[in-house]
Amino acid sequence: SLIGVEALSGGVISLTSGTLVSGVVVHAGAVLAGPGTIVSSGGALTTEDAGLVSGVSIVAGALDVLSGGSAVSVALTTGVLTVEVGGTATSTLVTSTMGSYQASGVLQVYGADTSAVLSGGGVEHVQSGGTASHDTIAQGGVQIVEAGGSALSGTVQANGAEVLSSGGWASAVVVSSGGFLDIDYEVKSGSAITWSTGAQTSAVTLSGVSLSSGANLELIGLEVDSGGSATLASGSMFNNVAVSAGGYLGGPGELSGSANSAAGVVSGVQIGDFNNYALAELTLTSGAAASNVLVDNQGLLSVGAGAPE
């Protein structure tokens, strides 16, 4: 095994199969080539890459791709591959040794990632300023686009998941039948949308993501701005809903969870369900108006100061 070795410009370190490395520093113009494996020595040493790292595996290790550095065809099963601003990663395979998120590989992107494949518990976080393009999210893989991050021209296959956080951006991403889109959505002034969660019965495009018929839509947050209108379709369930003053939320869909609030108009929604034993709550704040709201099993309608009773 190699620990704490430096590869200077023009230098090449070739790792044969079974060779373990940790804490290697790859300078600009240098190469670290596989098929060896990056590990952590005592959990403390990170391999740093300002040159080229190609064809290696990462098992319970860490690789940090610095500005100007690149990683090509890296297989990440456990541990972390971080692509910093100005760094690139191409054709990364992100999975896990146990097929679960508890022992998974994690790809953190602040720079640029292209053509990654996420499967079997592999997770990618596209952070603010980061870009992920032409990725494949296969069964068990998850791509999370954080605020300020971007996902371009990706494909989500059956039982894969795309998570689009508030402030995250997507374009030309396709979710195939059986795949999942979890989205935090803002209905802006002048916009009106009808939501139907679960498996879609026809193709629909939302926030740069095209859902095929049979793809699954899950709402992880909904904000209705003043002048915006959202209707919750029958049989759909929503949580983390916030309706601003001047906004409108209509039913007959169901609210779940306790983090729902309204300062605008709410009409015809259901709070709680006979088959849902977790608490569901809607809090009406000052200026809110509610009509034809059904409070069902474990449902709670809270009226704050200044709200109508």
Heavy-atom closest contact (S40 atom, A62 atom, distance): OG-N, 3.9 Å
Side-chain donor/acceptor of T285 to backbone N/O of A262, under 3.5 Å: yes
Residues which pass side-chain hydrogen bond (donor to acceptor under 3.5 Å, both in side chains) with S234, listed by chain and number, not counting sequence neighbours: none
Residue pair L249 / V241, side-chain heavy-atom distance below 4.5 Å: yes
Side chain to side chain contact (heavy atoms under 4.5 Å, CB included) between S226 and S189, intermediate numbers included: CA-CA 6 Å; S226 177; S189 179; 5.8 Å; no
Validation row: V21, V5 side chains within 4.5 angstrom (heavy atoms): no
Co-membership, hydrophobic cluster, residues L217 and V224, 4.5 Å side-chain: yes
Expected output: side-chain T92 to main-chain A89 donor-acceptor under 3.5 Å: no
Joint cluster assignment, V204 & L219, ILVMFWY side-chain distance < 4.5 Å: yes
Non-hydrogen atoms of A215 and L211 that approach each other most closely: CB-CB, 3.9 Å
Between S302 and E281, a side-chain donor and acceptor under 3.5 Å: yes
Audit row: S256, M237, side chain to side chain contact (heavy atoms under 4.5 Å, CB included) steps and yes/no: CA-CA 7 Å; S256 65; M237 183 176 294; 3.4 Å; yes
S267 and S291 side chains, donor-acceptor separation under 3.5 Å: yes
CD-OG distance between Q127 and S150, expressed to the nearest 0.5 angstrom: 12.0 Å
Within-4.5 Å side-chain heavy-atom neighbours: F238 and N260: no
L63 and D49: CA distance, side-chain angles, deciding distance, side chain to side chain contact (heavy atoms under 4.5 Å, CB included) verdict: CA-CA 7 Å; L63 172 63; D49 169 28; 3.9 Å; yes
Taking every non-hydrogen atom, the tightest pair across G120 and S96: O-OG, 2.7 Å
Point-to-point distance, once rounded to the nearest 0.5 Å, from CG of L164 to CG of D182: 10.0 Å
I193-L181 co-clustered via ILVMFWY side chain contacts under 4.5 Å: yes
Cluster check L255, V295: I/L/V/M/F/W/Y, side chain < 4.5 angstrom: yes
Side-chain donor/acceptor of S153 to backbone N/O of H134, under 3.5 Å: no
Euclidean distance, N292 CG relative to Q270 CD, rounded to 0.5 Å: 13.0 Å
Reported CD-to-OG distance for the pair Q200 and S177, which is rounded to 0.5 angstrom: 11.0 Å
pair L2-L20: side-chain heavy atoms closer than 4.5 Å: no
Which atom of G178 lies closest to which atom of F180, heavy atoms considered: O-CE1, 3.5 Å
Separation between OG of S207 and OH of Y185, rounded to the nearest 0.5 Å: 4.5 Å
Any donor-acceptor N or O pair under 3.5 Å, side chains Q139, Q157: no
Closest non-hydrogen atom pair between G228 and V187, with its separation: CA-CG1, 4.1 Å
Heavy-atom side-chain contact between I58 and T37 under 4.5 Å: no
Check: A203 main-chain N/O paired with S213 side-chain donor or acceptor under 3.5 Å: no
Q143 versus D135, side-chain donor and acceptor atoms under 3.5 Å: yes
Worked check of side chain to side chain contact (heavy atoms under 4.5 Å, CB included) between V26 and L52: CA-CA 7 Å; V26 183; L52 170 63; 6.0 Å; no
Value rounded to 0.5 Å, distance of CD in E48 from CG in L32: 13.0 Å
Side chain to side chain contact (heavy atoms under 4.5 Å, CB included) partner of I183, the single match among V209, I220, L206: L206
Min side-chain heavy-atom separation L232-L222 under 4.5 Å: yes
ILVMFWY cluster, L15 and V65 together (side-chain gap under 4.5 Å): yes
Heavy-atom closest contact (V173 atom, A151 atom, distance): CG2-O, 3.7 Å
Close side-chain approach of I271 and L294, heavy atoms under 4.5 Å: no
Side chains of W195 and S236 in contact at under 4.5 Å (non-hydrogen atoms): no
